[in-house]
Protein chains: 2
Amino acid sequence: MSNKNVFLKKYFLMTRSEENYLKTIFHLGGGDSKSITTNAIAEQMETKPSSVTDMAKKLSDKGLVDYVRYQGVSLTTEGKKTALSIIRKHRLWEVFLVEKLDFSWDEVHEVAEQLEHIKSEKLVDKIDELLNFPKYDPHGDPIPTKDGKFQERDEKLLSEMSIKSIGICVGVKDSSVPFLKFLDKNNIALGNTIQVLDKEDFDNSLRIQMDGKEMRISHQIASNLYVKKND
Amino acid sequence: MSNKNVFLKKYFLMTRSEENYLKTIFHLGGGDSKSITTNAIAEQMETKPSSVTDMAKKLSDKGLVDYVRYQGVSLTTEGKKTALSIIRKHRLWEVFLVEKLDFSWDEVHEVAEQLEHIKSEKLVDKIDELLNFPKYDPHGDPIPTKDGKFQERDEKLLSEMSIKSIGICVGVKDSSVPFLKFLDKNNIALGNTIQVLDKEDFDNSLRIQMDGKEMRISHQIASNLYVKKND
DNA sequence: AATTAAATTTAGACAAAGCTAAAAATAGAT
DNA sequence: ATCTATTTTTAGCTTTGTCTAAATTTAATT
Ligand SMILES: [Mn+2]
Ligand SMILES: [Mn+2]
Ligand SMILES: [Mn+2]
Ligand SMILES: [Mn+2]
C-alpha cells in the first residue's frame, strides 16, 4: 500500500462505529494518556464489554489507541487528533443548527451525532466560516480548532462559587434534554449574569440573583452549571 | 410490534444501502411502474447482480418494491415516496452547499450523497425554509415537494431546438464533474440566454449566441443541455 | 422445437459490528 | 498467600451487505 493510501485509510476510511469509539474514549479522559476500561466504554456507549474488546483490537491495529489486555485503552496522538476532529464537527453542527436553523439547544445533539460523521473537510471549514468561527457550542462546550486546540476558560461550577461573587453563566455540565428544558422553563440561559446571594447549609441550595430576578436553586442544578467569574 | 413501530421501521430504520437502492431504481425509471432489471441496477451502482437480487428480496419484504424473479423490480407507492424524499434531501443539500457555502456545482454531489441520509425531518424542512423553498437544484433538476410532487417545466435539449429559436439554459443532462467544469470554462451557466443561429449538417454542431457572445458547440454538448423555450 | 447465449438467481464465503455464554485474568478480602 | 468476586477476554453465533462461482431461467437464433 502506498503512502498516500495509508493517509486515505486513516482519514477517509474510518467507519462511523470507529469514530464513535474514539470520541467516547476521549470524553472518558483517554486523551490524557489515561487508560480507560472496557467496562467504562461499554457502559457509556450502551454496548457490551466484549464488543469493546473487539474494537479495541481494531483501533490498536490502526494505531489509534494503545491497548493493553485487561488494562484498557488510551488514545495515541493520531487517535486523539481524530477524536478531536469529530468533536469539532459535532459542536460546529450544533452551533449551525441553533444559529442558522432555529433549533433549540435540547434538539441539536441527536442530529449532530449524525452530521459529525459527514466526510468533507471543505464542508466543516465552510460551516465554521459561515458561523464566524465560534469558540463554544450551544451548551458552552469549547470547539476544538482545526489543529486540535481548545479555547481554555476560567470557569467553575455555580455550586463552588463563593457568596456575593458575580459571574456569567457560560455552560452546562449535564446537557441532557430534561435538564436543558428545565433551564429554559426557568429562564436560565447562557450569557445570564448570576450573583450568589446566599447558601443554605441544610440542603446546599442557593439563593441567586439572575438578570435582576431573585430565585432559589437546588444543589443538583447549581452543580451542573458552569459560571465564568468576573475579573 | 405496535402500529407505531411499523411506522418507525419504515421511516427511520431504513439503512443507507436500502435508501441508495430505492433512489437508483427511481432514477432508472422504476417510479413509473416500469420494471428495472437486476443488471441495470448493478451497473448503475457499480455492484454485482447477485447483490441486487438479495436487496430486491429485502425491499420486497418491506413492501417498498414489487419484485418478480427474473423480471426485475419497480417501486411501490411507499417505495416511490421514500425515494422521492431522499432525492428531495439530496437536491436541497446541493442548493445549500452552493448558495450558503460557496461550493461550485461540480463539488456538491459527493457531499450530498452523504447528507441525503441524515434522518431529521425538521432539518430538511428548515434547510428548505432557509433556502426559500427552491424549485430546482444547482444542476437544474427539480426538487420534489414534501408530498412528492415535481415542478414540471417545458424544457427541451439544446440539440433539439429549431434554428433561430431563443431560450434560457435551465439544466444539464450529464452532471459529471468533467462536463460541469467544461461548461464553467466556456462560461456556459444556467440562466444564460441562448439562441440557435445555425446547425452544421456535417457533425450536428451548433453555432449559438449566448448572452451576446457567439460560439460553436458540439452535438455532444448540445445534447446535454436543457433549454426552456421562451413563450 | 432445439440450441445456445445472456441474464438472473442460488449457494457458500467474508468482513464489520454486534450479542451471549464460557473461560481466564485481575484485584479485593480474608 | 489463598480464595473469591469482578472484570475482561475468547469462542461461537447473528445480521447486513457484499462477493465469486455454479446453477437456473429467459430470450434469441437457427
Ligand atoms: Mn452534543
Ligand atoms: Mn454540545
Ligand atoms: Mn447530485
Ligand atoms: Mn443535482
Side-chain angles (χ1 to χ4, degrees), chain A residues 1 5 8-10 12-25 28-30 34-74 82 86 113-114 116-117 119, chain B residues 1 5 8-10 12-25 28-30 34-74 79 82 86 113-114 117 119:
Chain A
M1 191 187 277
N5 280 340
L8 284 174
K9 174 152 195 174
K10 215 174 282 175
F12 298 119
L13 298 184
M14 293 281 298
T15 68
R16 174 175 299 224
S17 187
E18 287 170 343
E19 292 186 344
N20 282 334
Y21 273 96
L22 290 181
K23 201 178 48 153
T24 301
I25 294 166
L28 292 173
K34 192 180 112 189
S35 216
I36 310 299
T37 67
T38 314
N39 257 12
I41 297 167
E43 190 177 357
Q44 179 74 24
M45 298 185 74
E46 298 185 83
T47 181
K48 301 294 166 183
S50 55
S51 307
V52 178
T53 301
D54 287 346
M55 185 56 85
K57 287 174 188 164
K58 200 183 304 178
L59 293 174
S60 174
D61 287 347
K62 289 196 173 189
L64 296 164
V65 303
D66 293 319
Y67 168 53
V68 183
R69 268 164 87 251
Y70 291 101
Q71 296 307 126
V73 295
S74 61
T82 308
I86 299 154
E113 284 289 306
Q114 300 178 61
E116 73 189 4
H117 301 290
K119 274 146 190 86
Chain B
M1 191 186 277
N5 281 338
L8 284 173
K9 175 153 196 174
K10 215 176 280 173
F12 297 119
L13 298 184
M14 294 281 297
T15 68
R16 175 174 300 223
S17 187
E18 287 170 344
E19 292 186 344
N20 282 333
Y21 273 96
L22 290 182
K23 200 178 47 153
T24 301
I25 294 165
L28 292 173
K34 193 180 109 190
S35 216
I36 310 300
T37 67
T38 314
N39 256 14
I41 298 167
E43 190 177 357
Q44 179 74 25
M45 298 185 74
E46 298 184 85
T47 181
K48 302 292 166 183
S50 54
S51 307
V52 178
T53 301
D54 287 347
M55 185 56 85
K57 288 174 187 165
K58 198 182 308 180
L59 292 174
S60 173
D61 287 346
K62 289 196 173 188
L64 296 163
V65 303
D66 292 318
Y67 168 54
V68 182
R69 270 163 86 250
Y70 292 102
Q71 296 306 126
V73 296
S74 61
T82 309
I86 300 155
E113 285 290 306
Q114 300 180 59
H117 301 290
K119 275 148 190 82

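Quick note on labels: first sequence line is chain A, next is B, and so on, each numbered from 1.
Spacing between atom NE2 of B:His117 and atom C1' of D:dT16 amounts to 16 Å, rounded to whole angstrom units. A:Arg16 places its CZ atom 15 Å from the C1' atom of D:dT16, with the value rounded to the nearest Å. At whole-Å resolution of the value, CG in A:Asp54 and C1' in D:dC13 are 13 Å apart. In this structure, NZ of A:Lys62 is placed 13 Å from C1' of C:dA17, rounded to the nearest angstrom. Residue A:Glu18 contributes atom CD, which lies 10 Å from atom P of C:dG18 at whole-angstrom precision. Remark: C1' of D:dG17 and CG of B:Leu59 are 12 Å apart, rounded to the nearest angstrom. Atom CE of A:Met14 is separated from atom C1' of C:dA17 by 14 Å (rounded to the nearest Å). Rounded to whole angstrom, the span from the CD atom of B:Glu19 across to the P atom of D:dT16 amounts to 15 Å.
Distance check: A:Glu113 CD to A:Ile86 CD1 gives 10.5 Å after rounding to the nearest 0.5 Å. The structure places CG of B:Asn20 at 11.0 Å from OG1 of B:Thr47, a figure rounded to the nearest 0.5 Å.
Distances shown here put every side-chain N or O of A:Tyr67 at or beyond 4.0 Å from the OP1 or OP2 atom of D:dT8. Using a 4.0 Å cut-off, no side-chain N or O of A:Lys58 falls inside it from OP1 or OP2 of C:dA16. Residue B:Lys48 places no side-chain N or O under 4.0 Å from the OP1 or OP2 atom of C:dT8. In this model, the phosphate group of D:dT18 is approached by a side-chain N or O of B:Tyr21 to a distance below 4.0 Å at OP1 or OP2. Between B:Asn39 and C:dT8 there is a side-chain polar atom (N or O) within less than 4.0 angstrom of OP1 or OP2. Between A:Ser51 and the phosphate of C:dG18, there is no side-chain N or O to OP1/OP2 separation shorter than 4.0 Å. For A:Thr53 and D:dT10, the shortest distance from a side-chain N or O to OP1 or OP2 is not below 4.0 Å. Regarding contacts with the backbone of C:dA16, every side-chain N or O of A:Thr15 stays at 4.0 angstrom or more from both OP1 and OP2. When the side-chain nitrogen and oxygen atoms of B:Thr37 are compared with OP1 and OP2 of C:dA7, none of them lie within a distance under 4.0 Å.
Between A:Pro49 and A:Gln71, the residue anchored nearer the 5' end of DNA chain C, judged by the nucleotide with its closest heavy atom, is A:Pro49. The residue among A:Tyr70 and A:Glu46 whose nearest nucleotide of DNA chain C is located toward the 5' end is A:Glu46.
A:Leu28 and A:Lys34 make their closest contact through O-NZ, 3.7 Å (heavy atoms, listed as atom of the first residue, atom of the second, distance).
Within the 3.5 Å criterion, the main-chain N or O of A:Ser35 finds no donor-acceptor partner in the side chain of A:Gln71.
For the side chain to side chain contact (heavy atoms under 4.5 Å, CB included) test with A:Val73, the passing option among A:Thr53, A:Ile41, A:Asp66 is A:Ile41; the others fail. Among the candidates A:Lys57, A:Lys62, A:Lys58, the single residue satisfying the salt bridge (charged side-chain N to carboxylate O under 4.0 Å, His left out) test with A:Glu18 is A:Lys62.
Side-chain proximity of B:Lys57 to D:dG17, D:dC19, C:dT10: nearest is C:dT10. Between D:dT18, C:dT10, D:dT10, one nucleotide has an atom nearer to the side chain of A:Arg69 than all others, and that is D:dT10.
No N or O donor and acceptor, one from the side chain of B:Ser50 and one from the base of C:dT8, sit under 3.5 Å apart.
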